[in-house]
Enquirer: 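My questions all concern the structure below.
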Amino acid sequence: GAVVSQHPSWVICKSGTSVKIECRSLDFQATTMFWYRQFPKQSLMLMATSNEGSKATYEQGVEKDKFLINHASLTLSTLTVTSAHPEDSSFYICSASSRDGDQPQHFGDGTRLSIL
Amino acid sequence: QKEVEQNSGPLSVPEGAIASLNCTYSDRGSQSFFWYRQYSGKSPELIMSIYSNGDKEDGRFTAQLNKASQYVSLLIRDSQPSDSATYLCAVRGDYKLSFGAGTTVTVRA
């Protein structure tokens with residue numbers, strides 16, 4: 001149980017392109033989903049938290065107009081990197097947790113984004 | 001001061017030995033603690049969760065929590081080459097997880 005699917009797993013695109021990443025909870029209802037970014041040899045950095053049906057909460061220093069998050073249902077959240085540039089190249093990982101407060105976060109497989 | 005600190009690695013252990021990983025946290029009100037394993041190029045995978053003081057065992061893994069000392073540890077018994085990975089300690093405050101920088105473990109065959 002507690003499977004989180006993330007798609008696509010790998011994206012290469014030109015600078016200026018917008019990229020959408022999907023995160024789905026397959027066998028549970030995810031009231032909260034989290035979006036992380038990880039640069040090589042560094043730990044995970046939380047970008048934003050999304051709750052179903054409400055606006056995402058962004059961490060300090062994360063541009064909400066650049067990283068658009070939508071959490072329209074209890075099983076799907078999307079992250080759109082708008083007008084991506086080479087410095088946005090990174091490993092993006094989503095996680096999800098259920099309504100129960102103490103339940104752990106379960107991670108998707110991640111999306112490796114490379115902007116040329 | 002970092003919220004979650006882990007012992008610096010890398011940690012190299014021979015196959016069959018015990019790997020010991022340590023983690024301290026600063027928020028005394030934290031109630032939920034997790035250990036994740038992350039292979040190179042992959043996303044984190046949950047190994048253990050622990051919520052109350054004491055030990056919790058799951059197969060070859062044992063998590064230990066001491067809230068008074070704000071300390072949580074992970075022991076890996078009978079280490080296998082497949083255990084070679086980075087281990088992340090995560091502490092939940094409110095609804096967010098705070099991660100340590102990770103300890104990279106290498107198990108020598």
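We name chains A, B, ... by the order of the sequence lines, and we start the count at 1 in each one.
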Enquirer: Between S43(A) and G100(B), what is the shortest heavy-atom contact and its length?
Expert: OG-O, 2.8 Å
Enquirer: Is there a path of hydrophobic side-chain contacts, each under 4.5 Å between heavy atoms of I, L, V, M, F, W or Y residues, that connects V19(A) with V62(A)?
Expert: yes
Enquirer: Please indicate whether K55(A) has more than 12 foreign heavy atoms, meaning atoms of other residues, nucleotides or ligands, lying under 6.0 Å from its NZ.
Expert: no
Enquirer: Closest heavy-atom contact between Y51(B) and P104(A)?
Expert: OH-CD, 3.9 Å
Enquirer: Can you list everything that forms a ring pair (Phe, Tyr, Trp, His ring centres under 6.0 Å) with F33(B)? Sequence neighbours excluded, please.
Expert: Y25(B)
Enquirer: Report the residues that fulfil salt bridge (charged side-chain N to carboxylate O under 4.0 Å, His left out) with R37(A), sequence neighbours left out, ordered by chain and then residue number.
Expert: none
Enquirer: Quick check for you: to the nearest 0.5 Å, what is the distance between T86(B) atom OG1 and K41(A) atom NZ?
Expert: 8.0 Å
Enquirer: Let me see the working for L88(B) and L44(A) under side-chain contact (heavy atoms from CB on, under 4.5 Å), right down to the final yes or no.
Expert: CA-CA 9 Å; L88(B) 302 171; L44(A) 284 77; 3.6 Å; yes
Enquirer: Applying a strict under-4.5 Å side-chain criterion to I, L, V, M, F, W and Y, I'd like to know whether I47(B) and L21(B) cluster together.
Expert: yes
Enquirer: Is there a continuous path of hydrophobic side-chain contacts, each under 4.5 Å between heavy atoms, that joins M33(A) to Y92(A)?
Expert: no
Enquirer: Quick one: CZ on F99(B) to CD on Q38(A), what's the gap to the nearest 0.5 Å?
Expert: 9.5 Å
Enquirer: For K20(A), does the NZ atom have more than 12 heavy-atom neighbours from other residues, nucleotides or ligands under 6.0 Å away?
Expert: no
Enquirer: Looking only at heavy atoms, which of residues 5-13 of chain A get nearer than 4.5 Å to chain B?
Expert: none
Enquirer: Quick one: do K96(B) and E59(A) satisfy side-chain contact (heavy atoms from CB on, under 4.5 Å)? Show the steps, please.
Expert: CA-CA 11 Å; K96(B) 297 191 293 187; E59(A) 296 300 302; 3.2 Å; yes
Enquirer: Please list all pairs passing the disulfide bond (SG atoms under 2.5 Å apart) test where one or both residues lie in residues 8-109 of chain B, with sequence neighbours left out.
Expert: C23(B)-C89(B)
Enquirer: Using non-hydrogen atoms and a 4.5 Å limit, figure out which bit of Q38(B) sits close to chain A: side chain, backbone, both or neither.
Expert: side chain
Enquirer: What heavy-atom pair brings K42(B) and F91(A) nearest, and what distance separates the two atoms?
Expert: O-CE2, 3.6 Å
Enquirer: Are M45(A) and V4(B) linked, directly or through other ILVMFWY residues, by side chains that come within less than 4.5 angstrom of each other?
Expert: no
Enquirer: Side chain, backbone, both or neither: which part of T57(A) has a heavy atom under 4.5 Å from chain B?
Expert: side chain
Enquirer: Check step by step if side-chain contact (heavy atoms from CB on, under 4.5 Å) holds for Q105(A) and L46(B).
Expert: CA-CA 8 Å; Q105(A) 292 181 24; L46(B) 179 69; over 6 Å; no
Enquirer: Starting from L65(B), can I reach L74(B) by hopping between I/L/V/M/F/W/Y residues whose side chains sit under 4.5 Å apart?
Expert: yes
Enquirer: If I compare all heavy atoms of G110(A) with all of S43(B), which pair ends up nearest, and what's the gap?
Expert: N-CB, 4.3 Å
